[in-house]
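Below: the structure, in structure tokens.
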Amino acid sequence: MSTLLANNAQSLSEFRNEPYADFSRPEVRAEALKAAELVRSRFGDESELLIGGKHFRTESRLRSLNPSRPSEVVGTHQRASPEQAAAAVEAAWEYFPTWAAIPASERIGMLRRAAVILRRRKMEMDAWQVFEAGKTWPEAEADVSEAIDFCEYYALQMERFAGPQPVSQLPGEQARLVYLPLGVGVVVPPWNFPLAILAGMTTAALVAGNTVVLKPSSDTPTIAARFVEVLLEAGFPDRSFCFVTGSGSAVGDVLVSHPKTRFIAFTGSMEVGLHINELAARPQKGQIWIKRVIAEMGGKDAIIVDDEADLDAAVDGVLVSAFGYQGQKCSACSRAIVSEKVYEPFLKKLTSRVAGLKVGAADDFANYMGPVINDGARKSILRYIEAGKQEGQLVAGGAAASGEGYFIQPTVIAGVDSKATIFQEEIFGPVLAVTRAADFDDALRLANDTRFGLTGAVYTRNPEKIAKTRDQFFVGNLYINRKCTGAMVGAHPFGGFNMSGTDSKAGGPDYLLQFLQAKSIAEKTH
Ligand code: NAP
Ligand code: MG
């Protein structure tokens with residue numbers, strides 16, 4: 001057992017996060033422009049469904065648009081029918097015994113090759129995100145790097161779960177614990193980390209020996225189609241996973257409720273997550289298991305700015321957390337809770353920094369913020385801004401920004417009460433509510449006054465307050481004197497409390513257990 005622990009420690013120390021390219025360097029920009037050109041030359045290309053190793057086209061098409069210039073069609077995709085969705089689960093079920101019987105070492109090898117291919121195509125993958133998800137180049141680079149990290153990290157972790165497990169031995173028998181895959185997993189990712197989250201959930205399921213039906217977000221199916229190419233090139237058999245595009249409302253329920261579906265790995269909104277959880281709980285005719293649901297959902301993440309904080313650092317942290325990728329991260333700071341004593345100077349510094357943020361097309365290196373994902377999102381965010389204007393004082397932004405794309409000004413609303421909708425509901429856009437706290441205890445109380453519990457940060461130099469935060473700030477990912485976004489695989493296992501989800505801790509040492517079941521075997525030896 002000591003060898004086993006030593007091996008684990010050694011494996012984990014082998015893991016290094018993928019470094020980021022620096023887009024302020026001219027040679028990196030030149031490379032990015034080349035990738036952008038390549039990607040543009042494939043704009044509008046049609047992708048097909050992949051079911052049971054066969055490709056399919058359908059009557060009706062799904063077009064994915066560039067949110068910076070919605071007149072540009074980035075990719076053309078199929079709209080699967082409910083029958084095709086059911087056929088995908090059946091096909092994945094049929095191949096499951098074959099896939100599960102392949103030695104873990106081979107699946108691990110495939111996953112490592114996927115990381116190598118992603119690294120080779122990194123700038124191109126960045127470009128697809130810039131054009132399909134509206135990420136700026138550095139945001140896209142972080143996403144693709146995280147996808148590579150997930151591949152490498154889950155490959156390492158699977159070595160651990162495929163090896164001998166530390167059970168104690170009784171006299172006269174030999175005890176073993178082995179991990180088996182579950183069956184067919186339905187994987188449903190969101191658009192906001194269109195490669196990282198998709199790749200993380202899909203590869204965790206596959207490397208553990210499950211077959212997968214992947215249903216990408218309708219906003220980012222082209223990035224998903226590129227990842228399908230990567231998986232196939234890496235050697236994953238074309239029957240080990242199915243690729244089913246189409247709207248969640250049309251095919252989601254069929255996939256989730258199918259009696260052969262064994263588990264669902266979902267990341268997205270609370271509403272859809274709760275719906276999936278409820279549907280999955282209902283046993284269907286012929287179903288012989290309880291479905292497992294891994295559901296990572298929304299956030300209403302707060303940063304506490306204490307009167308003993310480094311105020312400039314706090315302003316930096318809030319700015320980046322609230323407006324990076326237009327506030328469209330589950331980890332984004334949407335509430336700044338600021339001690340009375342520093343409230344005015346904080347707000348002044350913050351608003352002057354917000355005024356300097358440039359909004360525009362995501363592919364233009366000059367812009368800090370790109371568009372929000374689609375027209376529906378823009379309308380919904382603008383409605384929240386209107387509500388916010390009633391609930392507090394608008395101190396920055398407050399409207400759409402000019403241009404063809406779905407642009408919104410970075411918006412700050414101050415003096416927001418904890419009962420306000422913009423304090424309680426996830427907006428998922430560049431809107432920050434600032435709330436005054438009487439003292440540190442009040443700040444903690446306000447931060448915890450939410451049904452969500454995903455990320456949170458606190459800025460203070462006081463060690464006692466830091467200790468209190470560790471104990472009392474109820475979030476899955478807590479950050480002290482740093483921003484609340486940008487969790488790193490391996491270092492910051494990610495997942496939230498309460499209505500933020502099932503706390504799956506993606507990129508953490510226990511994540512793969514959710515895709516496995518353990519079998520205990522005891523054999524009498526004499
Ligand atoms: P969403 O609207 O809930 O959609 C997520 C996925 O669910 C999409 O692929 C969607 O497909 C699919 N879907 C919709 N209805 C479905 C149904 N009835 N059955 C099965 N699948 C269905 O979320 P989103 O707008 O893509 O993403 C933003 C949300 O994700 C935010 O709430 C954010 O906080 C959350 N998020 C959480 C985390 C985390 O780790 N906790 C990370 C990232 C994002 P269609 O696109 O075809 O509708
Ligand atoms: Mg959506």
Side-chain angles (χ1 to χ4, degrees), residues 62 64 67 77-80 82 85 89 132-133 143 146 150 186-198 200-202 213-221 223-224 243-258 261 264-280 291 293-301 325-334 372-374 376-377 380-381 425-429 450-455 475-477 484-487 489 492-508 511:
L62 180 82
S64 118
H77 299 267
Q78 316 300 317
R79 280 186 196 277
V89 178
E132 193 173 49
D143 183 298
E146 188 176 1
F150 279 135
V186 168
V187 173
V188 184
W191 51 264
N192 74 326
F193 283 88
L195 187 64
I197 293 180
L198 179 148
M201 295 197 297
T202 304
V213 177
L214 170 61
K215 207 285 316 156
S217 161
S218 299
D219 285 304
T220 50
I223 294 160
F243 183 57
V244 178
T245 45
S247 91
S249 52
V251 297
D253 288 1
V254 176
L255 295 173
V256 170
S257 62
H258 197 289
T261 295
I264 299 106
F266 166 83
T267 307
S269 63
M270 179 184 77
E271 291 73 16
V272 175
L274 290 179
H275 170 75
I276 286 175
N277 192 47
E278 195 177 337
L279 193 56
K291 289 176 188 170
V293 176
I294 301 149
E296 293 311 310
M297 318 195 296
K300 192 69 200 174
D301 312 309
Y325 192 35
Q326 298 78 264
Q328 301 174 115
K329 299 181 189 180
C330 51
S331 56
C333 170
S334 55
V372 299
I373 190 68
N374 56 36
S380 151
I381 295 163
E425 289 178 23
E426 187 184 48
I427 301 171
F428 224 57
T450 169
R451 60 188 155 169
F452 295 110
L454 192 44
T455 76
V475 290
N477 286 70
C484 66
T485 55
V489 170
H492 313 130
F494 193 78
F497 297 161
N498 292 346
M499 282 299 176
S500 288
T502 51
D503 191 38
S504 67
K505 290 292 186 273
Y511 188 69

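We use all heavy atoms of the structure for the numbers below, so side chains are in, but hydrogens, waters and symmetry mates are not. Whatever order the structure lists them in is the order used to number ligands and atoms, beginning at 1.
Interface atoms of ligand 1 facing F266, defined by a heavy-atom separation under 4.0 Å, are 3 (O), 5 (C), 6 (C), 7 (O). Near T267, with a cut-off below 4.0 Å to any heavy atom, the atoms of ligand 1 are 5 (C), 37 (C), 38 (C), 39 (C), 40 (O), 42 (C), 43 (C). In the vicinity of V188, heavy-atom distances shorter than 4.0 Å reach the ligand 1 atoms 6 (C), 7 (O), 9 (O), 12 (C), 21 (N). Every atom of ligand 1 is numbered from 1 in the order shown, and the set under 4.0 Å from a heavy atom of E426 is 31 (C), 32 (O), 33 (C), 34 (O). Counting the atoms of ligand 1 from 1 in the order shown, those under 4.0 Å from a heavy atom of N192 are 43 (C), 44 (C). Every atom of ligand 1 is numbered from 1 in the order shown, and the set under 4.0 Å from a heavy atom of H275 is 18 (N).
Ligand 1 has S247 within reach: a non-hydrogen atom of the residue lies less than 4.0 Å from it. Contact between G246 and ligand 1 is present, with at least one heavy atom of the residue lying under 4.0 Å from the ligand.
When non-hydrogen atoms are compared, ligand 1 lies under 4.0 Å from neither the backbone nor the side chain of I373. Contacts with ligand 1 closer than 4.0 Å are made by side-chain heavy atoms of L454 only, the backbone lying farther away. Contact annotation for K329 and ligand 1: no heavy atom of the residue comes within less than 4.0 Å of the ligand.
Between the side chains of S504 and T502, no donor-acceptor pair is found at a separation under 3.5 Å.
Counting only non-hydrogen atoms, the option in G248, G273, A377 that gets closest to atom 48 (O) of ligand 1 is G248. Between atom 47 (O) of ligand 1 and the options S331, P221, S218, the minimum heavy-atom separation is to S218. When A332, G376, C330, A250 are checked for heavy-atom proximity to atom 39 (C) of ligand 1, C330 turns out nearest. Closest heavy-atom approach to atom 22 (C) of ligand 1 within the set V272, I197, D503: this belongs to V272.
When only interatomic distances are considered, the shortest N/O to N/O separation between S269 and ligand 1 falls below 3.5 Å. Residue contacts with ligand 1: P189 is placed with a nitrogen or oxygen under 3.5 Å of a nitrogen or oxygen of the ligand (distance criterion only). Considering both main-chain and side-chain atoms, G268 comes within under 3.5 Å of ligand 1 through a nitrogen or oxygen pair. Here's the thing with K215: one of its N/O atoms is less than 3.5 angstrom from an N/O atom of ligand 1. The distance criterion of under 3.5 Å between nitrogen or oxygen atoms is met by D253 with respect to ligand 1. For M297, a nitrogen or oxygen atom sits less than 3.5 Å from a nitrogen or oxygen atom of ligand 1, counting backbone and side chain alike.
Put simply, the side chain of N498 never gets that close to the backbone of G453: no donor and acceptor are under 3.5 Å apart. Judged by distance alone, with hydrogens and angles left aside, the side-chain atoms of E426 form a donor-acceptor pair with the main-chain N or O of G299 at under 3.5 Å. Panel note: side chain S257, backbone D253; a donor-acceptor pair is recorded below 3.5 Å.
Remark: Y325 OH to I373 CD1 distance equals 4.5 Å, nearest 0.5 Å. From T220, atom OG1 reaches atom CD1 of I197 across 10.0 Å, with rounding to the nearest 0.5 Å. Interatomic distance, OG of S334 versus NZ of K329, reported as 13.5 Å (0.5 Å rounding). Atom SG of residue C333 and atom NZ of residue K300 lie 9.5 Å apart, to the nearest 0.5 angstrom. For the atom pair CG (N477) and OG (S500), the distance works out to 10.0 Å, reported to the nearest 0.5 Å. Considering CE of M297 and CG of N277, their distance stands at 7.5 Å, rounded to 0.5 Å.
For the residue pair S331 and G486, the shortest heavy atom distance occurs at OG-N, 4.5 Å.
Between M499 and F452, some side-chain heavy-atom pair lies under the 4.5 Å cut-off.
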Step by step, would you call T267 with F193 a side-chain contact (heavy atoms from CB on, under 4.5 Å)? CA-CA 10 Å; T267 307; F193 283 88; over 6 Å; no

